[in-house]
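We use all heavy atoms of the structure for the numbers below, so side chains are in, but hydrogens, waters and symmetry mates are not. Every chain is numbered from 1 and lettered A, B, ... according to where its sequence line falls, protein lines coming before strand lines. The structure displayed is predicted, hence computed values, not measured ones.
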Amino acid sequence: MIKQYLQNLNSEQLTAVEHIDGPLLILAGAGSGKTKTITTRLAYLISLGIDPSNTLTLTFTNKAASEMRQRAIAMLDFNIYPPLLCTFHKFGLLFLKFHLAKLNRSPNFVVIDSDDKKKIIKNLGVSFPSSSISHYISSCKNSIISPDSAKTSANSEFEKEASEIYIKYEEYMIKNSLVDFDDLLLLPYKILLDFDDIASETSKKYAYITVDEYQDTNQLQFELLKLLCKEHSNICVVGDDDQSIYGFRGADVTNILSFEKTFYGAKIVKLESNYRSTKQILDIANIVIANNTDRLDKQLKSIKGNGAAVSSTRFEDERAESAYIAKEIKKLLKNGTNPADIAVLFRINALSRSIEEEFTKERIAFKFVGGTMFYERAEIKDLLAYLRLCVNENDDFSLKRVINRPKRGIGKTTLDKLETFATTQKTQIYDTISNPLFESQLSSMVGKKTFGLLKEFTVTIQKLQDKKLSGMIEFWHEIDSIIGLKSFFNTIGEDDRVSNIDEFIGMAKEYFKTNPECELDEFLNEIALVSESEEQNYGDVSIMTIHSAKGLEFEIVFVVGLDDGFFPINTATTNIEEERRLFYVAATRAKTNLYLLGAKSRFLHGERKHMPPSRFLKEAGLTDEPIAIGGGKYTKNDLVKHKIFGFGRVVEVLRKGEKLKINFQGQVRELLADFVEKAV
DNA sequence: TGGGTCACGGTTTTT
DNA sequence: CCGTGACCCA
């Protein structure tokens with residue numbers, strides 16, 4: 001049966017599929033049949049008699065994992081024990097369940113999300129924004145820098161504080177048996193590094209490893225992969241260096257650029273035949289991406305015909321831009337185009353506003369893909385906090401979240417008192433409330449009435465825990481009548497939240513029906529790694545950021561905001577090559593029609609801004625208007641001011657004034673001239 | 001405790 | 001311009 005699938009491949013795809021032992025890099029351009037190739041390869045390996053349980057396929061998203069699993073299994077005509085095909089983080093989670101005790105940490109850990117992480121950091125007392133500290137800790141972990149060495153190498157005031165917080169944060173996490181997303185990769189790495197026997201055993205077990213979207217791996221994932229390949233070199237990675245757009249969260253393109261050097265003797269297969277887009281579209285994508293210097297040579301060849309020309313228009317303002325899109329879409333819909341085949345893409349969410357307004361006015365049904373994630377919604381997190389308390393009532397973090405939700409009249413003052421009291425007694429908040437020994441002391445501390453309220457809260461948790469014993473189905477049936485979250489949100493008129501709670505409870509019931517033996521704590525860690533709820537509103541026009549559109553395809557794509565400052569975006573950390581890759585991703589989403597739109601002025605942050613066209617339009621040969629980049633504005637020794645780095649002096653003028661080398665208090669940085677202003 | 005007011009800052013995002 | 005967070009007062 002597998003033979004028939006092999007016949008559906010082109011010769012490059014077939015070469016990749018039939019490569020079995022030794023490192024393999026599949027450079028898969030956009031729309032070149034990447035998923036088809038690796039799923040066929042996996043099925044092929046299994047058809048050769050390789051035990052599915054000896055394979056490991058790692059992806060970045062759950063969506064990619066489930067799509068691949070489905071496609072690979074469909075190719076096999078016999079029932080198999082399903083191969084391990086999951087996200088990096090899921091793999092880490094499974095691994096830690098088995099081995100975390102090796103690091104003397106509790107195997108009954110709880111996975112927290114980035115929101116929880118920020119809150120914990122904030123509670124540790126910080127003067128810099130908790131999001132920056134959180135990001136700092138994340139980059140340390142992803143570059144395998146321990147808290148101690150972070151502290152030693154801390155230079156700025158920020159780094160000094162951040163590294164101290166990093167130390168405290170790690171202590172807190174261990175004390176409370178918590179694990180963050182980065183830990184799901186870092187702790188397995190540490191275990192594999194420290195315990196040779198586990199590393200060998202694991203590597204032998206996963207004798208055939210496949211990694212999807214390899215261009216998005218960071219240093220930690222790279223090191224982890226090397227350890228997993230300790231006993232063999234059967235690693236197949238698939239990726240496209242031109243589609244690396246997650247540098248801002250640690251993705252390191254050099255991993256794919258230097259794969260050959262790391263995995264000696266690697267075979268490289270390029271998939272350059274594009275089955276998705278017309279030649280006109282690919283020409284634009286190819287010509288723009290060719291301006292990047294750090295890339296592996298690769299050129300998409302269109303299998304489809306020439307197609308329609310790429311359309312590019314610059315409007316007076318964003319309203320004219322949106323009105324034009326609405327008009328075009330209405331025309332398309334009238335001619336029978338399926339709205340699900342149309343997408344509007346933008347670089348930053350702020351640009352969606354005028355689109356949404358116009359679509360609503362013109363009654364075009366649309367769905368905003370990738371807004372607030374389901375499990376990050378406040379009401380869902382409240383429910384999750386109750387569930388965690390159900391598993392472990394001494395989870396202070398969760399307790400603090402919901403002790404006043406629904407409103408019970410317990411505020412910050414009471415909580416602060418409770419917390420300091422618990423700390424002095426070397427115990428957790430829940431225990432101090434329920435311990436009869438502390439009753440009179442606490443009662444006089446917070447007042448009799450408040451103490452009664454606290455007691456009531458513990459009774460609620462108790463009720464939940466009791467209900468848990470009568471089985472998950474009944475538990476989920478009764479959960480909200482015990483907590484009362486729905487009626488709380490109902491009274492304050494937030495009906496959306498009520499229906500979200502209903503959706504969540506419905507989903508959980510479904511889950512426990514299919515997995516009756518699953519424990520509540522397993523369920524909690526499982527869903528911590530899942531972001532989306534089920535897709536809804538099928539036949540609608542999609543609007544989303546370019547990042548969200550990666551991996552998707554549409555017949556007709558409108559890209560808005562091709563203006564200098566918006567796309568490429570203009571900030572201190574802008575990496576122009578990554579912006580260009582983003583353009584490449586956007587353009588290659590389109591199958592038949594691509595619109596590259598812009599506006600001469602836009603309203604943002606309360607003021608109207610004028611801007612020249614994006615340099616990408618120039619590179620694509622789609623505009624004659626002059627593009628930004630004022631030359632000769634700065635000379636050596638000019639004093640300049642930067643939003644983040646403060647004052648600095650120009651050391652050198654590069655690229656005809658487009659770029660500057662600036663000394664900020666001893667630290668020399670290279671920045672685009674647009675990001676600084678003259679300080680007189 | 002919690003409602004009200006003011007200042008501030010404001011990419012991209014998965015797990 | 002608009003959402004978030006800090007802070008003040010009833």
Check the distance between dT11(B)'s P and Asp564(A)'s CG and give it to me in whole angstrom. 18 Å

Look at the side-chain N and O atoms of Asn404(A) and state whether any lies under 4.0 Å from the OP1 or OP2 oxygen of dG2(B). yes

Any side-chain donor near an acceptor of the partner, Asp180(A) and Tyr169(A), under 3.5 Å: yes

How close or far is atom C1' of dT14(B) from atom CD1 of Ile546(A), stated in whole angstroms? 18 Å

Does Phe60(A) reach a base, just sugar-phosphate, or nothing at all? Heavy atoms under 4.0 Å. sugar-phosphate

Looking for any heavy atom pair under 4.0 Å, which part of the strands does Thr413(A) touch: base, sugar-phosphate only, or nothing? base

Please classify dT11(B) as syn or anti, treating any glycosidic angle within 90° of 0 as syn. syn

Residues Asp317(A) and Ser601(A): side-chain donor-acceptor under 3.5 angstrom: no

Whole Å only: how far is the OH atom of Tyr189(A) from the C1' atom of dT15(B)? 21 Å

Using heavy-atom distances to pick each residue's nearest nucleotide on DNA chain B, tell me which of Glu376(A) and Arg347(A) is more 5'. Arg347(A)

Can a side chain N or O of Asn62(A) be found less than 4.0 Å away from OP1 or OP2 on dT14(B)? no

Report the distance from atom CZ of Arg353(A) to atom P of dG3(C), rounded to the nearest whole Å. 7 Å

Would you check if there is a donor-acceptor pair between the side chains of Glu379(A) and Asn500(A) at a distance under 3.5 Å? yes

Return no unless some side-chain N or O of Ser548(A) is found under 4.0 Å from OP1 or OP2 of dT13(B). yes

Would you say Ser114(A) places a side-chain N or O within less than 4.0 Å of OP1 or OP2 belonging to dT14(B)? no

Round to the nearest Å and state the distance from Lys609(A) atom NZ to dG10(B) atom P. 12 Å

Among dT12(B), dT15(B), dC2(C), the one nearest Thr87(A) by side-chain distance: dT15(B)

How many Å lie between CG on Leu185(A) and P on dT14(B), as a whole number? 16 Å

Using only modelled atom types and a 3.5 angstrom limit, is any donor from either the side chain of Thr61(A) or the base of dT15(B) paired with an acceptor on the other? no

Closest listed nucleotide, where the reference is the side chain of His89(A) and the choices are dG3(B), dT13(B), dT15(B): dT15(B)

Does Asp216(A) reach a base, just sugar-phosphate, or nothing at all? Heavy atoms under 4.0 Å. nothing

Between Thr574(A) and Gly409(A), who's closer to the 5' end of DNA chain B by nearest nucleotide? Gly409(A)

With sugar-phosphate meaning primed atoms plus P, OP1 and OP2, does Phe88(A) contact a base, only sugar-phosphate, or nothing at under 4.0 Å between heavy atoms? nothing

Counting only side-chain heavy atoms from C-beta out, which of dG2(B), dG10(B), dC2(C) sits nearest to Lys407(A)? dG2(B)

So Tyr595(A) and Phe558(A), would you call those rings parallel, tilted or perpendicular, with 30° and 60° as cut-offs? parallel

CZ of Arg71(A): more than 12 outside heavy atoms within 6.0 angstrom? yes

Which part of the nucleic acid, if any, lies within contact of Arg608(A), taking any heavy atom under 4.0 Å across all strands shown: a base, the sugar-phosphate backbone alone, or nothing? nothing

Can you find a heavy atom in the side chain of Asn218(A) that is under 4.5 Å from one in the side chain of Tyr246(A)? no

Does Lys122(A) reach a base, just sugar-phosphate, or nothing at all? Heavy atoms under 4.0 Å. sugar-phosphate

Could you tell me how far apart His547(A) (NE2) and dT13(B) (C1') are, to the nearest whole angstrom? 7 Å

Scan Asn349(A) against the nucleic acid and name what it touches under 4.0 Å (heavy atoms): base, sugar-phosphate only, or nothing. sugar-phosphate

Distance check, P atoms only: dT12(B) and dG3(C), in whole angstrom units. 15 Å

Do the ring planes of Tyr136(A) and Phe158(A) sit parallel (below 30°), tilted (30 to 60°) or perpendicular (above 60°)? perpendicular

Using a 4.0 Å heavy-atom cut-off, does Ile569(A) contact any base of the nucleic acid, only the sugar-phosphate backbone, or nothing at all? base

